[in-house]
Colleague: 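One structure follows; several queries about it will come next.
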Amino acid sequence: MLHLCGKPHFRYSCLMFLVWVFQLVGLNSGFGLDSGLNQSLTYIWPLPCEHTSGNETLTVNPALSLSIIGHGGSFRILREGFRRYKRIIFKFSSGISVSRNSRRIRSLYDISALRIIVKSGSDELKLGVDESYTLFVDKTEGKSIVWETIIEASTIYGALRGLETFSQLCAFDYTTKSVQISRAPWYIKDKPRFAYRGLLLDTSRHHFPVDAIKSIIESMSYAKLNVLHWHIIDTDAFPLEVPAYPKLWNGAYSKWERYTIEDASRIVRFAKTRGIHVMAEVDVPGHAESWGAGYPDLWPNATCREPLDVTKNFTFDLISGILSEIREIFPFELFHLGGDEVNTDCWNETRHVKQWLDKNKMKPKDAYRYFVLKAQEIAISKNWTPVNWEETFNAFAKNLNPRTVVHNWLGPGVCPKAVAKGFKCIFSNQNVWYLDHLDVSWDEVYYAEPLEGIGNASKQELVIGGEVCMWGETVDTSNVQQTIWPRAAAAAERLWSTEEALSADNNSVLQRLQYFRCLLNRRGVQAAPVTNYYARNPPSGSGSCYWQ
Amino acid sequence: MLLFSLKPHCKLIFLVLLLWVSLLVDSNSGVELDESLTYIWPLPSEFTSGNQTLTVDPALSLFVSGKGGYSNILKEGFERYKKIIFKHASGISLFQKLRGIRSVYDISELRIIVNSDSEELQLGVDESYALFVAKNDGKSIIGEATIEANTVYGALRGLETFSQMCAFDYETKSVQIYKAPWYIKDNPRFAFRGLMLDTSRHYFPIDVIKQIIESMSYAKLNVLHWHIIDEESFPLEVPSYPKLWNGAYTKWERYTVEDASEIVSFAKMRGIHVMAEVDVPGHAESWGAGYPDVWPSSSCREPLDVSKNFTFELISGILSDIRKIFPFELFHLGGDEVHTDCWTSTPHIKQWLNDHNMTAKDAYQYFVLKAQEIAVSKDWTPVNWEETFNSFPSKLNPRTVVHNWLGPGVCPKAVAKGFKCIFSNQGVWYLDHLDVPWNQVYSAEPLEGINNVSEQNLVLGGEVCMWGETVDASNVQQTIWPRAAAAAERLWSKREAVSVRNITSTILPRYHYFRCLLNRRGVQAAPATNFYARQPPTGAGSCYEQ
């Protein structure tokens with residue numbers, strides 16, 4: 001009865017057409033617009049890799065119960081996840097009164113229970129953790145028809161992805177005032193295309209309060225993004241507490257625009273309960289002027305403050321000290337060491353640094369390599385896999401630690417070169433995946449392909465995924481979500497769904513993306529209109545969320 | 001020991017200076033506060049403060065007394081503010097706490113006394129409160145904070161003020177209250193402190209409306225004017241006329257009766273009234289999506305057909321249905337921007353006008369007055385946009401509240417004729433006017449041009465209006481805030497306190513601070529000093545300076 005199939009639409013198009021006609025007749029709504037959705041499309045974002053659906057509409061009980069079958073672990077994360085999604089699904093007051101409900105409780109609804117079967121109860125969250133799941137909304141034929149909803153997954157994180165998909169199947173129906181699942185039965189078999197699906201947040205150019213970061217993480221889970229790349233520190237501010245070097249966060253903008261280690265731990269824990277890794281970045285040796293607010297010795301001199309002084313042991317002691325302290329906070333195996341945009345003029349112009357270079361027979365370029373490699377060693381000694389921006393690879397590929405993950409940003413074609421040399425790679429080509437570039441439209445984001453130019457399957461596997469980058473110069477708490485969304489969702493589908501499933505039909509993708517944008521709005525995320533040419537622009541006039 | 005004074009700063013300057021110097025030594029971080037200012041927004045009407053810094057126990061307990069002390073509104077409010085105050089994990093370990101549990105903190109208990117047990121929320125409900133925060137004086141076992149209010153709503157305002165005194169200190173990793181002891185005696189200057197939200201030009205999901213209401217409570221705004229319906233869409237369910245919400249944009253961009261009730265009760269929990277608006281006879285084209293009979297003709301769709309009984313039956317039906325949802329005594333009937341061309345160009349209406357010996361202008365008056373009668377018959381006090389007053393003041397129901405918008409000088413005329421008035425001069429208080437900087441919003445004075453005290457009393461207050469053409473769920477909060485806060489202080493605080501010279505040095509630092517407070521609480525308040533509202537920050541920098 002159930003078929004696995006990458007493109008189920010054709011088989012169901014006839015049924016779907018009937019459903020669509022039925023809905024048109026059933027609903028007169030749509031002032032100036034026919035509000036029926038194009039039912040040949042599947043409004044799940046990102047699109048699952050395999051799915052089939054039917055033509056029945058089911059009601060879901062607001063008192064939906066959960067049963068978990070599995071071994072090991074407390075399933076606390078899963079239970080919390082279920083409660084979270086239940087709140088999302090049943091936002092609206094039911095039109096069915098409590099008294100009616102309590103009199104005939106089970107029979108009123110088609111679906112009253114959700115069963116989750118998990119192979120492992122372990123809550124370990126590593127890169128490449130199994131995020132696959134299957135989701136059935138199906139009936140068992142007995143004396144009477146009973147509908148069952150089952151999520152099967154290897155890990156609790158796969159089950160969380162299944163819960164997200166389940167929540168997107170559920171929609172509040174304003175006519176019956178109940179939550180419904182249309183097009184049942186559903187059979188969904190899903191897994192991510194890439195293990196690494198990231199979003200960079202820059203807390204140096206502007207400080208984001210912990211609540212704002214949590215909102216961003218929460219919204220990432222809706223699009224099945226799974227890595228928050230936390231660019232904590234930069235030239236402009238050093239907001240993080242480092243207990244061993246307590247003056248470092250003197251580099252914060254103010255005494256309130258800071259993160260304690262408890263704040264950082266909370267953020268990591270919050271992310272983990274949503275199956276999201278937090279990859280911290282400490283960008284060296286450039287982009288580090290703010291370190292010197294507390295420890296001016298790190299500056300080449302008081303007037304020439306970047307990059308960090310390469311000559312002093314103190315510089316590396318400090319890096320080692322920072323990494324030791326934050327290793328406990330950030331359990332994720334990847335750690336970002338930056339290494340981008342290093343302008344070595346200050347080294348050349350500062351007498352003691354210049355002398356040191358001469359003594360060690362180094363050009364500034366050599367000292368840059370020396371610095372990066374030394375930082376890599378420190379990270380590796382803390383059992384971290386180093387990630388570096390592509391300049392390090394472009395400048396001295398053969399010296400980089402072979403475990404290095406190369407983080408592309410300058411343009412296209414870098415991951416092909418990196419994987420050809422055996423490095424892992426993260427795709428973030430700034431022309432398409434830098435969210436601070438406001439003139440990149442949603443479809444340019446969507447059609448960017450991380451594997452472009454890489455034909456060999458074994459090389460393809462070295463591309464661990466991609467990341468959209470939200471640099472912070474012109475975003476703060478007031479507009480960060482509207483700058484991230486909905487374009488981050490375009491990248492999220494690229495990173496999750498199979499290449500074959502991604503439609504080349506711009507218009508059908510747009511309809512689904514507009515639907516997802518409205519879903520984000522309903523969930524309280526400030527996703528901007530999809531079709532404005534410039535990102536985060538206000539709507540151009542009055543109108544529906546579903547067409548703006 | 002406690003002195004009531006409007007200007008306590010002079011006496012304390014020396015102490016404050018000491019405190020400020022010690023803060024400078026403690027922390028090298030860039031931005032510093034001017035400690036001579038009081039970072040409570042809106043500014044309380046009377047307060048004194050001292051020079052102590054007190055720590056607040058994350059396990060702060062509530063002790064209530066008075067007839068209204070056991071109110072659920074109060075209990076939930078306390079829990080809400082506790083979450084806000086103790087957002088950050090405490091640096092003081094559980095172990096430390098267990099060893100010397102009470103002694104670690106100066107303030108471990110909040111005592112709230114509420115004199116009245118009535119939870120009725122009507123215009124002019126007593127929102128006054130007194131707040132006292134002091135260290136253990138050695139006589140009692142624990143230090144405490146006390147809020148005393150006549151109603152739970154006054155107590156909620158006191159809780160907001162208390163929450164603004166509490167700040168997380170990053171050095172000690174504890175919540176502290178600076179400048180204690182505090183004695184605050186506070187009450188609002190105006191009873192009506194509104195924000196208008198337009199859910200017709202764009203639909204706002206329930207969660208977004210709740211976020212807006214929540215953020216209003218931080219600035220002590222107390223009326224959500226819900227402009228539910230307009231010509232673009234009719235999102236509200238009206239059970240007696242089930243086709244009305246066919247005028248919604250889509251089948252998902254709607255509010256059920258239950259949604260609307262939930263919004264009203266969510267607002268009530270925060271001491272906020274919801275004033276609904278059903279704007280007639282203009283701005284109503286969307287009604288005809290379900291009931292085309294209310295259009296003059298299918299090609300000329302506004303204003304509502306004045307000639308048909310059905311039109312007024314429908315209005316009466318809507319008002320009957322939603323009267324149950326909106327208990328607030330004020331109800332807005334619109335009446336603005338009525339272009340009567342469709343009446344004079346549609347034959348059956350033209351005929352009706354002739355039969356009744358009416359000009360189109362007469363028919364406008366006829367319509368508005370008839371709608372007023374319906375609202376009054378449902379025990380509502382009608383509010384109308386100022387065009388109704390400008391056109392036929394002598395005919396308006398004397399209970400009418402005139403809602404100013406077109407420009408300055410209208411409230412003076414309205415109160416001179418004995419009407420109540422709400423100030424919303426679009427030149428300063430229309431939030432969709434993006435080119436009005438914060439200081440113009442702040443300096444707008446609802447009582448300007450009204451000198452007679454009894455006439456001043458007729459000005460209920462004012463309202464900032466967030467018309468919806470270019471705001472949706474993605475940017476509404478950043479368009480509302482922080483400018484709505486500028487109006488909020490104007491409406492709450494004493495006129496002398498807000499009518500100061502040199503607001504750049506006296507008010508702006510406090511305004512910046514409040515904007516950052518909103519951000520910390522998850523409200524997307526935009527940078528304060530950009531010339532155009534809701535513009536992104538111009539570059540990297542601190543919230544406290546942008």
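Values below: all heavy atoms of this structure, side chains included; hydrogens, waters and symmetry mates excluded. Letters A, B, ... are given to chains in the order of the sequence lines, protein chains preceding strands, and every chain is numbered from 1. The model shown is predicted, which means the values in this text are computed figures rather than measured ones.
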Colleague: Should the ring pair B:Tyr513 and B:Tyr39 be called parallel, tilted or perpendicular, given that the plane angle runs from 0 to 90° and is split at 30 and 60?
Modeller: tilted
Colleague: In terms of heavy-atom pairs under 4.5 Å with chain B, which of A:Gly543, A:Cys545, A:Gly541 leads?
Modeller: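 The option with the most such pairs is A:Gly543.
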Colleague: Please classify the contact between B:Glu237 and chain A as side chain, backbone, both or neither, with a heavy-atom cut-off of under 4.5 Å.
Modeller: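 Just the side chain, heavy atoms under 4.5 Å.
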Colleague: Could you tell me which portion of A:Ser215 (side chain, backbone, both or neither) has an atom closer than 4.5 angstrom to a non-hydrogen atom of chain B?
Modeller: neither
Colleague: Looking at A:Trp485, A:Phe208, A:Tyr174, which has the largest count of heavy-atom pairs under 4.5 Å with chain B?
Modeller: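 So the answer, after comparing A:Trp485, A:Phe208, A:Tyr174, is A:Tyr174.
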Colleague: Please work out whether the ring planes of A:Tyr295 and A:Tyr245 are parallel, tilted or perpendicular, with thresholds of 30° and 60°.
Modeller: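 Rings of A:Tyr295 and A:Tyr245: perpendicular, over 60°.
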Colleague: Can you tell which of A:Arg523, A:Gln548, A:His207, A:Gln481 has the highest number of heavy-atom pairs within less than 4.5 Å of chain B?
Modeller: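 Result: the option with the highest number of such pairs is A:Gln548.
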Colleague: What part of B:Pro205 gets within 4.5 angstrom of chain A, counting heavy atoms only: side chain, backbone, both, or neither?
Modeller: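 Side chain only.
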Colleague: For each of B:Ile206, B:Val208, B:Asp472, B:Val476, tally heavy-atom pairs with chain A at distances under 4.5 Å, and name the one with the top tally.
Modeller: B:Asp472
Colleague: Heavy-atom distance under 4.5 Å to chain B: side chain of A:Ala527, backbone, both or neither?
Modeller: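 Just its backbone gets close to chain B.
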Colleague: Are the charged groups of B:Glu262 and B:Lys210 less than 4.0 angstrom apart, N to O?
Modeller: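 The answer is yes: the pair qualifies as a salt bridge.
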Colleague: Any salt bridge between B:Lys87 and A:Asp211, counting N to O under 4.0 Å?
Modeller: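 Salt bridge between B:Lys87 and A:Asp211, a charged N being under 4.0 Å from a carboxylate O: yes.
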Colleague: Give the ring-plane orientation class for A:Trp471 versus A:His231, where under 30° counts as parallel, over 60° as perpendicular and anything between as tilted.
Modeller: perpendicular
Colleague: Please look at B:Gln535 and chain A and tell me whether the side chain, the backbone, both or neither of the residue comes under 4.5 angstrom of a heavy atom of that chain.
Modeller: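 Neither; nothing under 4.5 Å.
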Colleague: With a 4.5 Å cut-off on heavy-atom pairs, point out which of B:Pro537, B:Cys516, B:Pro527, B:Gly468 contacts chain A the most.
Modeller: B:Pro537
Colleague: Not counting sequence neighbours, which residues clear side chain to side chain contact (heavy atoms under 4.5 Å, CB included) with A:Ser542? List them please.
Modeller: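 Scan of A:Ser542 (side chain to side chain contact (heavy atoms under 4.5 Å, CB included), adjacent residues dropped) gives B:Arg201, B:Glu232, B:Tyr249.
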Colleague: Using 30° and 60° as the class limits, which term best fits the ring planes of B:Phe168 and B:His88: parallel, tilted or perpendicular?
Modeller: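 Answer is parallel, since the angle falls under 30°.
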Colleague: Going by the rule side chain to side chain contact (heavy atoms under 4.5 Å, CB included), which residues pair with A:Ser204 if we only count those two or more places apart in sequence or in a different chain?
Modeller: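 Scan of A:Ser204 (side chain to side chain contact (heavy atoms under 4.5 Å, CB included), adjacent residues dropped) gives A:Asp202, A:Asp234, A:Asp236, A:Ala237.
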Colleague: What part of A:Pro538 gets within 4.5 angstrom of chain B, counting heavy atoms only: side chain, backbone, both, or neither?
Modeller: both
Colleague: Heavy-atom cut-off 4.5 Å, strictly under: side chain, backbone, both or neither for B:Val471 against chain A?
Modeller: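 Backbone of B:Val471 only, per the 4.5 Å heavy-atom cut-off to chain A.
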